[in-house]
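In what follows, a single structure is set out as structure tokens and then discussed.
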Amino acid sequence: MGGLGVGKGFGNKGFSNKFEESENIGFLKGYQDGNDAEASGPSRRGGRGSFRGCRGGFGIGRSNNECDQDERAQRTGGLFGSRRTAVSGTGNGDTYRSRSGSARGRGGYKGLNEEVIAGSGKNSWKSEAERGEGGDIQGPKVTYIPPPPPEDEDSIFSHYQTGINFDKYDTILVEVSGHDAPPAILTFEEANLGQTLNNNIAKAGYTKLTPVQKYSIPVTLAGRDLMACAQTGSGKTAAFLLPILAHMMRDGITSSRFKELQEPECIIVAPTRELINQIYLEARKFSYGTCVRAVVIYGGTQLGHSIRQIVQGCNILCATPGRLMDIIGKEKIGLKQVKYLVLDEADRMLDMGFGPEMKKLISCPGMPTKEQRQTLLFSATFPEEIQRLAAEFLKSNYLFVAVGQVGGACRDVQQTILQVGQYSKREKLVEILQNIGDERTMVFVETKKKADFIATFLCQEKVSTTSIHGDREQREREQALGDFRCGKCPVLVATSVAARGLDIENVQHVINFDLPSTIDEYVHRIGRTGRCGNTGRAISFFDPESDNHLAQPLVKVLSDAQQDVPSWLEEIAFSTYVPGFSGSTRGTVFASVDTRKNYKGKSTLNTAGFSSQAPNPVDEESWD
DNA sequence: AAAAAAT
């Protein structure tokens, strides 16, 4: 890696000393204090006075990682409890309708012409609206208040099993670029996250670090900015949440629910509402039993609901861009305390769609500059041109961590490409779904309209199907995801809204009914299966009428993931060969600190038209 | 051109 200073000798002098002697000791000490205090926790009752200890530091025999029981009860049980009563019933609407007009009942889609109203009138949102309890009586649209999260410990910590290939993660090549990177850690214990976090980690079922966690956690703990690229399903969320939480507990938090203006220490953004909600649920797991309160806000829900959530205390704010900017514009949160800014699916957050809003975010009044905050970017794909844009968000000495090939597919997904013309797709889909049986399957299509159409079609074919896309009401989207997650509807037809980040247990199959327009989107979509060491299958319909531009990058992705490449696909790839074409994200290293400076607009393509492999990738084993 | 994201 030409002159990047990356490799075995990659300097971690200085860092480890500093870490052990200053940060780490205070860190440990604080935790010990906190743990002792917490040992007597459950029986303790403290008033507001003792809560102040939470903000102050470690000195008063009460640490930041412990929360006053009363406070905690109010934060979790009490207020949610009353909320639950207030909205009971609204979350159970049996009948709903998409904007495009097809009526759906509980079992998924009804035929377009069968206006089946399932369930009793009492349970349909429509009658609820007529009763005037649901909000807007006029239109078909009822503003959605998301159901309160269940608060019992078991549901907070529910998780699923890692798969048979989980241990194979250890053989993946990892590459770290940039100066003075801290050494990787090998175990959770080494991270010194503290007893409370360790308990939560254990309860969440995490026992072993994934590569992106081994490398990213120490980087984040060292206070460095980070751009991390790791394959789908390999634990990126925990990789940023855990070190941030550890630091927040070490340093103390400023916003309690007693504060007028909430000033979160951490802001996390993601490109879809369902994804940010999933990240929030993880944040809630890891912050359980601490003073840190995570809040999630996104569009399609009542603004007032978002504000009420924030007012109750907000240390980690999980948000989609639109609602976040809205809330900031209304001055419902202050940005002065922001110490951590996380962009999940960072390439997506920085591209043409969201980039302008992210730029607005970092230049909002009160927002600390990049020098004053820590910025973390995570994604499985990261096109080079987007990596360049990222410099505006990151300190110049940021570190770049790449697990495997950037933009590479997960090898635990068996990929199949079938040549299917557009008029044969439906027939082929039914045939495949019949062979699949009851296993959970995501079917991706290109447009919202088509998602409705295919879902309706499948229901007519007696396949229990639901759908998710941006034209459905938020509550419909969440119901669809819920029905799919719990197995009630084993087939989910989706647009790209569900392509990134969603972590759903037991998705054995992904079918690209339509291929996406970019290869990165393909990598994200098939990454909904084969997660966390489990195996999965992806079948894609390749229509030579429309998909030829994907042949070349597909061949690259397939061969990198050691998949069979059909000869007809190779032929199309060859005949549509574009010299100098880079399959968007291909090519591992661009963003390393040194190459960034030297970047002259040329990508690192080899004669095959693809980016070359990273020179001298660091074998993870050599760090041990 | 499409999808997503504020109303």
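In what follows, chains carry the letters A, B, and so on, assigned in the order in which the sequence lines appear, proteins first and then strands, with residues in each chain numbered from 1.
In the set B:dA2, B:dA6, B:dA5, B:dA5 carries the atom at the smallest distance from any side-chain atom of A:Val497. Comparing atom distances between the A:Arg273 side chain and each of B:dA1, B:dA4, B:dT7 picks out B:dT7 as nearest. Closest approach to the A:Glu274 side chain among B:dA5, B:dA6, B:dA3 is made by B:dA5 (side chain taken as heavy atoms from C-beta onward).
For B:dA2, the OP1/OP2 oxygens have no side-chain nitrogen or oxygen of A:Lys450 closer than 4.0 Å. Contact annotation: A:Thr320 does not reach the phosphate of B:dA4 (side-chain N/O to OP1 or OP2, under 4.0 Å).
Rounded to an integer number of Å, the gap from A:Ile297 CD1 to B:dA6 C1' is 11 Å. For A:Ile276 and B:dA5, the CD1 to P distance is 11 Å, given to the nearest whole Å. Protein atom CG of A:Asp347 is 14 Å distant from nucleotide atom C1' of B:dA4, rounded to whole Å. Taking atom CZ of A:Phe513 as the reference point, atom C1' of B:dA2 lies 17 Å away to the nearest angstrom. The nearest whole Å value for the distance from the CG atom in A:Leu515 to the P atom in B:dA2 is 18 Å. One atom, OH of A:Tyr144, and another, C1' of B:dA6, lie 18 Å apart when rounded to the nearest Å. Between the CG atom of A:Leu303 and the C1' atom of B:dA5 there is a distance of 15 Å, given to the nearest Å. Per the geometry, CE belonging to A:Met325 stands 21 Å off P belonging to B:dA4, to the nearest Å.
Under the 6.0 Å distance and 45° angle rule, A:Lys425 counts as a cation-pi partner of A:Phe513.
As judged by a 4.0 angstrom heavy-atom cut-off over every strand, A:Thr495 is placed among residues touching the sugar-phosphate backbone only. Using a 4.0 Å heavy-atom distance criterion, A:Arg348 is classed as a base contact. Here A:Thr301 lies in heavy-atom contact (under 4.0 Å) with sugar-phosphate atoms only. Among the heavy atoms of the strands lying under 4.0 Å from A:Arg477 are primed sugar atoms or P, OP1, OP2 only; no base atom is included. Residue-level contact check: A:Gly300 touches the backbone only, with heavy atoms under 4.0 Å from sugar-phosphate atoms and none from bases.
Side-chain atoms of A:Ser306 and A:Arg308 form no donor-acceptor pair, as typed in the model, at a separation below 3.5 Å.
Remark: A:Ser575 engages no residue in a side chain to side chain donor-acceptor pair (under 3.5 Å) (not counting sequence neighbours).
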Return all side-chain donor-acceptor pairs below 3.5 angstrom for residues 349-361 of chain A, not counting sequence neighbours, or 'none' if the list is empty.
unit_1   : atom_1 : unit_2   : atom_2 : d
A:Asp351 : OD1    : A:Arg348 : NH1    : 3.1
A:Asp351 : OD1    : A:Gly353 : N      : 2.9
A:Asp351 : OD2    : A:Arg348 : NH1    : 3.1

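Residue-environment remark: OH (A:Tyr160) exceeds the threshold of 12 foreign heavy atoms within 6.0 Å.
For A:Met352 and A:Lys360, each mapped to the nucleotide of DNA chain B holding its nearest heavy atom, the one lying further toward the 5' end belongs to A:Met352.
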